[in-house]
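Below is one structure, written out as structure tokens; comments come after it.
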2 protein chains.
Amino acid sequence: MARILESYALDSWRRASSGFAEVASAVDGAPVARVSSQGLDFGSMVRHARQVGGPALRELTFHDRADILRGLAGALNDAKEELYRLAADTGATRRDNLIDIDGGIGTLFAYASRGRRELPSERFVVEGEVEPLSRSGAFVGVHILSPLHGVAVHVNAFNFPCWGMLEKLAPAILAGMPVITKPATATAYVAEAAMRILLGTKLLPPGALQFACGSLGDTLDHLTGQDVLSFTGSLETSEALRNHPVIGRNAVRFIAERDSLNAAILGPDAGPGTPEFDLFVREVVREMTVKAGQKCTAIRRVLVPDLHEAAVLEALRAALGRIALGDPRLPETRMGALVSRAQREAVRARVAELATEAEIVFGDPGRAKGAGIDPERGAFMGPVLLRCGRPGEAVKVHVVEAFGPVATVMPYGCLEEAVALAARGEGSLVASLFTYDPTAAVTVALGLAPFHGRVLVVDRDCAADSTGHGSPLPGLVHGGPGRAGGGEELGGLRGVFHYMQRTALQGSPARLAGLTRSWIRGAPAPATDRHPFRLGYDELRVGDTIETGSRVVSLDDIEHFARFTGDTFYAHMDEAAAAANPFFPGRVAHGYLILSFAAGLFVDPPPGPVLANYGLDSLRFLKPVSPGDAIRVRLTVKRKTAARKPEYGEVRWDAEVFNQDGDSVARYDLLTMNAREGEPVEP
Amino acid sequence: MARILESYALDSWRRASSGFAEVASAVDGAPVARVSSQGLDFGSMVRHARQVGGPALRELTFHDRADILRGLAGALNDAKEELYRLAADTGATRRDNLIDIDGGIGTLFAYASRGRRELPSERFVVEGEVEPLSRSGAFVGVHILSPLHGVAVHVNAFNFPCWGMLEKLAPAILAGMPVITKPATATAYVAEAAMRILLGTKLLPPGALQFACGSLGDTLDHLTGQDVLSFTGSLETSEALRNHPVIGRNAVRFIAERDSLNAAILGPDAGPGTPEFDLFVREVVREMTVKAGQKCTAIRRVLVPDLHEAAVLEALRAALGRIALGDPRLPETRMGALVSRAQREAVRARVAELATEAEIVFGDPGRAKGAGIDPERGAFMGPVLLRCGRPGEAVKVHVVEAFGPVATVMPYGCLEEAVALAARGEGSLVASLFTYDPTAAVTVALGLAPFHGRVLVVDRDCAADSTGHGSPLPGLVHGGPGRAGGGEELGGLRGVFHYMQRTALQGSPARLAGLTRSWIRGAPAPATDRHPFRLGYDELRVGDTIETGSRVVSLDDIEHFARFTGDTFYAHMDEAAAAANPFFPGRVAHGYLILSFAAGLFVDPPPGPVLANYGLDSLRFLKPVSPGDAIRVRLTVKRKTAARKPEYGEVRWDAEVFNQDGDSVARYDLLTMNAREGEPVEP
């Protein structure tokens, strides 16, 4: 009996009473679910996200939101067998579920980690360096990113009901934006089950996540320039969304990921018998059969050197012949069904288009045989390989995407031709190259780059670890130019920043330091009553400073340091040779001597809240220190960030070393790990 | 006699013979120029850019392109008096020219400097850190940015014929993309003159720059996903361009900067008598009158606390009353003409719209008086100040942009109300705040940020140096969300990257090191025959390595170093206290001692091509070094970058310090300045 799926709006589950679309099992055509969003008030959903969800999420820090993502990922992970079970009706095998369900959970975990590790315990991000805007230093600029005040509307594709929803949701929530997510109808029952698990955790604040199961109604009419519309699917649907008058007029941010005729290229060196040849064949077969080829990143165009074409065709035919098509629940099944019979019809129609330019060299789009298959009721289709002998003159093989287990082999002459053929796809998500020739790798990979969001080079050295042609990864951008939609997702924090507004702040150093909670050179640097190393993380304030006394660096010090460390570089040891160096007036102190003496000047020795100096960033030696010069240090709290363990905090100090004339001789950021609590003040 | 302006297409100047638009002087209505692009073959212009200009530009490195920009800027600077002279007919005063002409030249110079300083001597940019993609380290990812293979089409606004053209052109050329630029007809004669100076330098390769003086014809029909369309102007024209079917279907990158109802906010603390009050009044008057208010960044909404409204109105009226309207050529003139009588009519119509919600409290849009003004022939209009008493209930004052010397004063109650009113503009380019109250600054500036591309906080500390509310700067992003178009320009390298494709590369460390010419941990690190410090910059190859011998760090060394430097931190000196520290097993060596000994191990003392260690990046201490541990160093050439002076190069070394167990104890990037030539090998 088909289950009626529900939407989640205004913090409760809602069931439609009419307007249902019926969803059938991909395996046997039995009714699985009924989908309708009729009765939802989309305007009030948008307002609820904006007025309730957004403010609640923005109250949290990035670290708080990252912790929520971790909790969501854990809950899904605990319940994933249930999702696997449901997903079988979409045609997905166990191997497919690893990509969709485990891959989605992994993406949530990855953003949880990045949020903790790469974002501050704040509500905005300072991006890049301070820009000096005047000679005096009294007027400066700095960029921040803060969450948009709208809603992220996510329109997902049918092929990855779990991953597709989560890879959009995780960056948005981490950014601080509430989400309305819409599953594709054909696989909405998997998405709905995942959503029930997510919402069941009660980790998300009210209004942060809504689920429009069915059509989006008039949602787009309610969007503004503070909103984001992110879409994965066909070029046609993408255009329909983008051309909605509100999207352009209000400059709603629009991210699209759509058709892509991804290429895999075999290098001329990678003939039969090489590891790369075998890796190539295995990867093409995998990409054709995983998710029954219903992946926007799947290999559609198989570019092989003329010389190796026959061997590739033979190897692919043999390997494809071993693929067991069948009921995805059966353990022996290697490839399951397409999502629906309608989808199978669409793929067959596209294959017919391709066949006007290419010949079918393996498979039959009209037939499907295997264990547990009823070809009339189930949406099964075996892999179909085509071959286009003159790809330079062909058109459809480069632009018609048959979204199923279909790929076309094309021969090429020289590497430049291979690159040009790949570019005929007019922009793709990913291309891969199989070669062990470094020169070929440079020519092809850099040639492909402008036309692709991702380029993978596979060889014997990385094959065992390679995540494969078809796998978008949380840390790498996903998206491609042109036909692929021109959008970008994931890519680590890049994917988070799409949900944030970049703003240049201008003002005095004091003001911008106050706004960004990051000390800026020129802002007040008040000396603390006690040495700042005696103050706990919680007590330290941005700007707290110690100005040290000074110390003369003598020639004896330099010679002693040279002998002690073994660093007898001539600029420290030989007056005539040093003076001949274009940067030094004569013998100078070692940079490391300056750093070491600086530490000697500012360190407060007894045990206290400063636990360790764990690093140093952006050190620049600005002026040589000559024998007889006297150095002193200003050390100022630049930024504080909560550490992973609650009892510590990371403190970034701005350190500047001056000589007796007040000139800067060195600048750097010093990093310390501090205990949260300082020391009691003695009475 | 009106001059016929020419276009520059396929590397030669072209004169139309029909279809002319007549351009009249803003000052006296006399004919100035005739503009037509009839006869241009736009398809061949696009192809020429793509097939000739793009490849030629991409052959050059960023440094080469930066040097071209510097040359272009210098040529314009030498000839700017000629541009000033022409600009008078657009209504521009000398002060206006400083913004448009000198500002444009400054932007070219700024991108020339950034290209040299912040970009490598390469044809692509490595962005961000290497992403580990497997536990073993055998599979990694890295992002690069490479120039798109298309053309940048720039559609400029009439108000800044020079700056507007150059601020778009500089980042595109630096990125490596050829440009077709289209001036606004009303001021095309200034743009054409600037273009003749640029092209006269012959610094740009063929096809790199074309000038479509007149309409763009069918240019858009020829664009693909490798092209960029960047527009500044009205919301209506922006929508017409964006809705062209090719733009969406081919995912042509589209950058828009359009209407913006920018706000200036007076803080509650900044009452009459405070420096901020005076600064506010001066800035509002300046923004209303510079370029006769024809600036997309001009202040349109003047938000003042209820309490100070009367004082502000009085001060603004008095200051506006002192503005001398007149012929821009006269030295006493403070404000010139609008660009055309048609523009004046448009502004008057918008003022009439605003007047349905606000009252005019200064000026008369229907009259213009001043030295050298013929009100019938010239396009003069004096400043008009309106006042809207209930801005929370009004609509038009927040969305109707009168693109002339027009602003509306609005009172507000609390700071949150001021922020909410500013946001009613539905996204603006810039907002400014005048306050000396740090708390108010935080509330307002962070409240404004999501709705603005730039937020300026003015106070007595930065006023003398402030570049002002209306000035976009090369180092800060220019653009705003929503009504302002959602585009982003400038912002330093961010503006360059809009013309480049971001691509994630995946593969083995060796392969990616080869592709990016940056050494990656795990890639081969071959020891050189001679010490790498003996090899000149030109001889050194990425990956060249020295593996040093090892050195024991004794307790004596630690104590000696502590006494010598004065750094007697307890973790180095007191076994019991050190062992109580959560990060240390007992007494440990100073981080700076490790660094110093490491240098002692790898430095090769005699004079040679390594001239100086000028800094160090991303140092992390990974594991404590205990007394008795033996350390050794691997030092590998990570990246090479041409220095400003041709005889030097900058070398970034990857340094890793290991203990006797092979564990990493420290990692950092070491930066040296090297001579180009090494030493002759002794026979």
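Order of the sequence lines fixes the chain letters, A, B, ..., with proteins taken first and strands second; residue numbering starts at 1 for each chain. Just so you know, these numbers use all the heavy atoms, side chains as well, and skip hydrogens, waters and symmetry mates.
- Rounding to the nearest 0.5 Å gives a distance of 8.5 Å between CG of B/L490 and CG of B/L473.
- At a 4.5 Å heavy-atom cutoff, the contact between B/R494 and chain A is made by side-chain atoms alone.
- Contact of B/D574 with chain A is not made at all, since no heavy-atom distance falls under 4.5 Å.
- For B/V603, the part lying near chain A is the side chain, with the backbone staying farther off; criterion is any non-hydrogen pair under 4.5 Å.
- The part of B/R511 that comes within reach of chain A is its side chain, from C-beta onward, which places non-hydrogen atoms under 4.5 angstrom from that chain.
- Within a 6.0 Å sphere centred on CZ of B/R551, heavy atoms belonging to other residues, nucleotides or ligands number more than 12.
- In this structure, B/F561 has its ring center no closer than 6.0 Å to that of B/Y592.
- Only the side chain of B/Y648 comes within contact range of chain A, with heavy atoms under 4.5 Å apart.
- Looking at B/L235, the atoms closer than 4.5 Å to chain A (heavy atoms on both sides) all sit in the side chain, from C-beta outward.
- Note on A/L456, A/L616, A/D567: by heavy-atom pairs under 4.5 Å with chain B, the leading option is A/L616.
- Using a 4.5 Å cut-off between heavy atoms, B/F451 touches chain A through backbone and side chain atoms alike.
- Using a 4.5 Å cut-off between heavy atoms, B/L671 contacts chain A through its side chain alone, with no backbone atom that close.
- Under the 30°/60° scheme for interplanar angles, the aromatic rings of A/H572 and A/H590 are found to lie parallel.
- Among A/M500, A/E488, A/M673, A/M573, the residue with the largest count of heavy-atom pairs under 4.5 Å with chain B is A/E488.
- B/D669 and B/S618 form no side-chain donor-acceptor contact under 3.5 Å, judged by distance and modelled atom types alone.
- For B/R253, no part sits under 4.5 Å from any heavy atom of chain A, backbone or side chain.
- Environment of CD in B/E647: crowded, with over 12 heavy atoms of neighbouring residues, nucleotides or ligands closer than 6.0 Å.
- Interface remark: B/Q506 contributes backbone and side-chain atoms alike to the contact with chain A (heavy atom separation under 4.5 Å).
- The parts of B/E127 that come within reach of chain A are both its backbone and its side chain, each placing non-hydrogen atoms under 4.5 angstrom from that chain.
- One finds no salt bridge joining B/D617 and B/R667 here, because no Lys/Arg side-chain nitrogen approaches an Asp/Glu carboxylate oxygen to under 4.0 Å.
- In this structure, A/E118 places its CD atom where more than 12 heavy-atom neighbours from other residues, nucleotides or ligands lie under 6.0 Å away.
- Using a 4.5 Å cut-off between heavy atoms, B/V458 makes no contact with chain A at all.
- Ranked by heavy-atom pairs under 4.5 Å with chain B, the list A/P245, A/G453, A/A599, A/P582 is led by A/G453.
- Residue B/N250 touches chain A through its backbone alone, counting heavy-atom pairs closer than 4.5 Å.
- For the set A/C462, A/G615, A/P450, the count of heavy-atom pairs under 4.5 angstrom toward chain B peaks at A/P450.
- When the candidates A/G486, A/S508, A/G225, A/A598 are compared by the number of heavy-atom contacts under 4.5 Å with chain B, A/S508 comes out ahead.
- Only the side chain of B/S146 comes within less than 4.5 Å of a heavy atom of chain A; its backbone N, CA, C and O stay farther away.
- Between chain B and the options A/H452, A/R483, A/Q226, heavy-atom pairs under 4.5 Å are most frequent for A/Q226.
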